[in-house]
Engineer: 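Have a look at this one.
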Amino acid sequence: MAPQPLNETQIGEVLSGLPGWAFGDDRLVREYTLDSHLAAVAMLVHIATIQEQMDHHANLTVTYNQLGVAVNTHSVGGRVTELDTQLATRVEEIAAGHGAR
Ligand SMILES: C[C@H](O)[C@H](O)[C@H]1CNC2=NC(N)=NC(=O)C2=N1
């Protein structure tokens, strides 16, 4: 069954459990700062590995030591679904290990 888009209340509840994440442009978004450019790229590769496991893919951007993550679900027309909250949670779980803040 296709994932259902979350409403604003549901997104607010999700964000209360994901510090640093925000809702913008119909996406869950987070900007991390790493200790170096290579640290940012290493975390990007780790996220990419998770994304391949999940078959769900965020937009990832590296600007020197900044790593941006922005995700919604293409198959429902670019809305936030449970799949996005699951990916955001997985990313949060690895962030501290990369020294991301
Ligand atoms: C065929 C494949 O399962 C789909 O294209 C997947 C891949 N990754 C995806 N990623 C995201 N963010 N949304 C999707 O709808 C999506 N669909």
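Just so you know, these numbers use all the heavy atoms, side chains as well, and skip hydrogens, waters and symmetry mates. Ligands are counted one by one from 1 in listed order, and the atoms in each one are counted from 1 as well.
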Engineer: Report yes if His74 has an N/O atom closer than 3.5 Å to an N/O atom of ligand 1; otherwise report no.
Structural biologist: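 Yes - when backbone and side-chain N and O of His74 are compared with those of ligand 1, one distance drops under 3.5 Å.
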Engineer: N/O to N/O below 3.5 Å, does that happen between Thr73 and ligand 1?
Structural biologist: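 Between Thr73 and ligand 1, no N or O pair is found under 3.5 Å apart.
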Engineer: For the residue pair His98 / Asp35, report whether a side-chain donor-acceptor contact shorter than 3.5 Å exists.
Structural biologist: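 There is no such pair between these side chains.
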Engineer: Indicate, as side chain, backbone, both or neither, the part of Asn72 found under 4.0 angstrom from ligand 1 when only non-hydrogen atoms are considered.
Structural biologist: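 The backbone, only.
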Engineer: For residues His57 and Glu52, is any side-chain donor paired with an opposing acceptor at under 3.5 Å?
Structural biologist: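 A donor-acceptor contact under 3.5 Å links the two side chains.
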Engineer: Between Asp55, Leu87, Leu83, Val76, flag the one that comes closest to atom 4 (C) of ligand 1 by a heavy atom.
Structural biologist: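 The option holding the nearest heavy atom is Asp55.
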Engineer: Where do Ser36 and Asn65 land on the side chain to side chain donor-acceptor pair (under 3.5 Å) test, with the steps shown first?
Structural biologist: CA-CA 5 Å; Ser36 68; Asn65 67 334; over 6 Å; no
Engineer: Mark whether atom 9 (C) of ligand 1 lies under 4.0 angstrom from at least one protein heavy atom.
Structural biologist: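 Within 4.0 Å: yes, protein heavy atom nearby.
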Engineer: Among all protein heavy atoms, pick out the one at the shortest distance from atom 15 (O) of ligand 1; state its residue, atom name and that distance to 0.1 Å.
Structural biologist: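 Scanning the protein heavy atoms, the shortest distance from atom 15 (O) of ligand 1 goes to Ser75 N, 3.0 Å.
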Engineer: Answer yes if the side chains of Gln4 and Arg79 hold a donor-acceptor pair under 3.5 Å, and no otherwise.
Structural biologist: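 Their side chains do not contain a donor-acceptor pair, so the 3.5 Å distance test is not met.
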Engineer: Count the heavy atoms of every other residue, nucleotide or ligand shown that sit under 6.0 Å from CD of Gln53, and state whether that count exceeds 12.
Structural biologist: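 Correct, the count exceeds 12.
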